[in-house]
S.K.: 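Quick one: structure below, then a few questions.
Because the structure is predicted, anything quoted here is derived from the model rather than measured.
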Amino acid sequence: MFKQLREDVACVFERDPAARNTFEVLTTYPGVHAILHYRLANGLWRRGFKWLARLLSTFSRWLTGIEIHPGATIGRRFFIDHGMGVVIGETAEIGDDCTLYHGVTLGGTSWNKGKRHPTLQDGVVVGAGAKVLGPIVVGKNARIGSNAVVTKAVPEGATVVGIPGRIVRVAGKKKPLPEGTVRMAEKLGFDAYGIADGTPDPIARSIHNMMDHMDAVDSKIDRMCKALHQVGIHSCDDALPQLEREHFVSLGDLDDQQRSAGADSADDDMPETTNHNGPA
């Protein structure tokens with residue numbers, strides 16, 4: 001029991017930079033209080049003292065704002081950060097090294113008895129306000145974004161966002177950029193960013209698709225111009241205007257330029273000083 005307590009406290013220091021010392025963690029962290037109460041209530045539950053276990057869990061909810069059913073199964077080094085509003089159902093199963101933030105619900109979608117709550121495998125992180133519902137499995141090291149509503153199984157290492165939850169990234173499945181995207185990036189004169197299929201940024205994904213489309217349009221126009229040239233029509237021979245690189249500067253480069261311009265301006269505004277003491 002004391003070994004488990006040490007692990008519960010140690011994992012706080014690993015995942016919360018605000019933690020300063022063991023005494024502070026033991027006395028002021030509601031997530032730690034809730035897990036300690038749960039472990040005691042779960043022991044009572046498994047020994048048949050179910051009313052007493054529910055009474056203890058109700059007291060814990062009143063004290064910490066975190067409701068963990070004593071029948072839930074929770075592994076080692078479980079951390080609830082902030083914690084207010086967390087609800088964990090009776091048949092929920094949580095593996096080792098999992099982290100929940102405030103407002104998370106591991107709930108059910110059925111009135112039937114039996115397995116009706118989710119299973120989180122080792123290393124899962126669930127963001128603030130997320131709802132994981134039903135007897136689904138969230139794979140190892142998966143990430144659930146804040147306020148997501150997840151009702152379908154999540155593969156190992158995946159990241160899920162939105163309502164309903166959508167998988168936006170799967171570990172180890174990054175695809176190389178299509179040749180068309182790379183060609184168009186070179187033509188525009190700016191970095192081909194880190195855009196890849198499955199990126200969680202919808203704006204970046206839209207730009208990625210636009211560049212693929214632009215490359216296809218360019219290729220089609222080139223073929224049409226060649227065909228017109230062969231029949232003696234030379235209206236396509238005029239060169240297209242060059243694209244200005246500064247119009248496509250990356251945000252990082254723009255930030256560097258602004259900082260550099262600010263430093264130059266500060267140097268210009270600094271008054272000149274004269275050494276009246278003569279040469280050293």
Side-chain angles (χ1 to χ4, degrees), residues 1-43 57 60-70 72-89 92-107 117-133 136-150 153-162 165 167-172 200-201:
M1 180 177 177
F2 288 104
K3 179 182 178 182
Q4 203 165 47
L5 175 60
R6 284 195 296 269
E7 286 184 344
D8 291 335
V9 172
C11 77
V12 175
F13 290 100
E14 293 173 3
R15 302 177 215 173
D16 185 3
R20 296 184 300 176
N21 56 66
T22 301
F23 180 75
E24 181 183 79
V25 169
L26 287 173
T27 55
T28 66
Y29 274 64
V32 174
H33 300 159
I35 195 65
L36 291 176
H37 293 149
Y38 157 77
R39 298 204 189 282
L40 180 57
N42 180 251
S57 69
S60 179
R61 182 181 64 174
W62 173 78
L63 183 67
T64 66
I66 299 168
E67 181 175 346
I68 305 176
H69 193 287
T73 302
I74 298 178
R76 298 164 63 180
R77 298 176 296 278
F78 176 55
F79 179 46
I80 303 175
D81 199 1
H82 300 293
M84 181 62 71
V86 168
V87 177
I88 300 174
E93 298 176 49
I94 300 174
D96 297 336
D97 302 301
C98 291
T99 302
L100 306 186
Y101 289 86
H102 51 283
V104 168
T105 298
L106 304 183
H117 297 98
T119 295
L120 309 187
Q121 295 184 344
D122 297 347
V124 171
V125 176
V126 185
K131 315 301 177 190
V132 187
L133 307 175
I136 62 174
V137 176
V138 180
K140 289 183 179 180
N141 301 312
R143 299 291 183 267
I144 308 298
S146 297
N147 297 313
V149 178
V150 182
V154 178
E156 182 175 332
T159 299
V160 178
V161 300
I167 297 172
V168 294
R169 177 177 291 143
V170 178
D201 185 350

S.K.: Is there a donor-acceptor pair closer than 3.5 Å between any side-chain N or O of Thr105 and the backbone N or O of Gly107?
M.R.: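 Side chain of Thr105 to backbone of Gly107: no pair is present.
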S.K.: Give, for atom CG of Leu100 and atom CD1 of Ile88, the distance between the pair rounded to the nearest 0.5 Å.
M.R.: 5.5 Å
S.K.: Can you check whether Leu120 reaches Val126 side chain to side chain, under 4.5 Å on heavy atoms?
M.R.: yes
S.K.: Do the non-hydrogen side-chain atoms of Val104 and Lys131 ever get within less than 4.5 Å of each other?
M.R.: no
S.K.: Please give me the minimum heavy-atom distance between Arg39 and Arg76, naming the atom from each residue.
M.R.: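 Closest pair (atom of Arg39, atom of Arg76, distance): NH2-CA, 4.4 Å.
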S.K.: Enter the distance from Phe78:CZ to Thr99:OG1 here, rounded to the nearest 0.5 Å.
M.R.: 8.0 Å
S.K.: Using every non-hydrogen atom in the two residues, find where Pro30 and Thr28 come nearest and quote the distance to one decimal.
M.R.: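 That closest heavy-atom pairing would be CD-O, 3.2 Å.
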S.K.: Do Arg143 side-chain atoms and Asn141 backbone N/O form a donor-acceptor pair below 3.5 Å?
M.R.: yes
S.K.: Do you know which two heavy atoms are closest between Phe79 and Arg15, and how far apart they sit?
M.R.: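 Heavy-atom minimum between the residues: CB-NH1, 3.4 Å.
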S.K.: Mind checking the CG-CD1 spacing from Leu63 to Ile66? Nearest 0.5 Å is all I need.
M.R.: 9.5 Å
S.K.: About how many Å separate OG of Ser146 and NE2 of His102, when rounded to the nearest 0.5 Å?
M.R.: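 Here the rounded value is 7.5 Å.
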S.K.: Is the backbone N or O of Gly139 less than 3.5 Å from a side-chain atom of Gln121, with the two atoms forming a donor-acceptor pair by type?
M.R.: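 Side chain of Gln121 to backbone of Gly139: no pair is present.
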S.K.: Between Val150 and Leu133, is the side-chain contact (heavy atoms from CB on, under 4.5 Å) condition met? List the steps.
M.R.: CA-CA 6 Å; Val150 182; Leu133 307 175; over 6 Å; no
S.K.: Are the side chains of Val12 and Val32 in touch, meaning some heavy atoms are under 4.5 Å apart?
M.R.: yes
S.K.: Determine the minimum heavy-atom distance between Gly123 and Cys98, stating which atoms define it.
M.R.: N-SG, 3.8 Å
S.K.: May I ask you to decide if Ile74's main-chain N or O and Tyr38's side chain share a donor-acceptor pair within less than 3.5 Å?
M.R.: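 Such a contact is found between Tyr38 side chain and Ile74 backbone.
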S.K.: Whether the side chain of His33 engages the backbone of Leu26 through a donor-acceptor N/O pair (distance < 3.5 Å, no angle test) should be reported.
M.R.: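 It does hold such a pair.
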S.K.: Working to the nearest 0.5 Å, report the span between CD of Glu67 and OG of Ser60.
M.R.: 9.5 Å
S.K.: Between the side chains of Arg77 and Asp97, is the shortest nitrogen-to-carboxylate-oxygen separation below 4.0 Å, so that they form an ion pair?
M.R.: yes
S.K.: Are any of the side-chain heavy atoms of Ile68 and Val87 separated by less than 4.5 Å?
M.R.: no
S.K.: Donor-acceptor check, side chain of Asp122 to backbone of Asp96, threshold 3.5 angstrom: yes or no?
M.R.: yes
S.K.: As an exercise, state the distance from CG of Asn21 to CZ of Phe13, rounded to the nearest 0.5 Å.
M.R.: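 The CG atom of Asn21 sits 6.0 Å away from the CZ atom of Phe13.
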S.K.: Taking all non-hydrogen atoms of both residues into account, name the closest pair between Pro155 and Ala142 and its distance.
M.R.: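 Closest approach of Pro155 to Ala142: O-CB, 4.0 Å.
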S.K.: Between Val125 and Ile144, is there a side-chain heavy-atom distance shorter than 4.5 Å?
M.R.: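 Result no, sub-4.5 Å side-chain heavy-atom pair not found.
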S.K.: Which heavy atom in Ala92 sits nearest to a heavy atom in His117, and how many Å separate them?
M.R.: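 It is N-CB, 3.4 Å.
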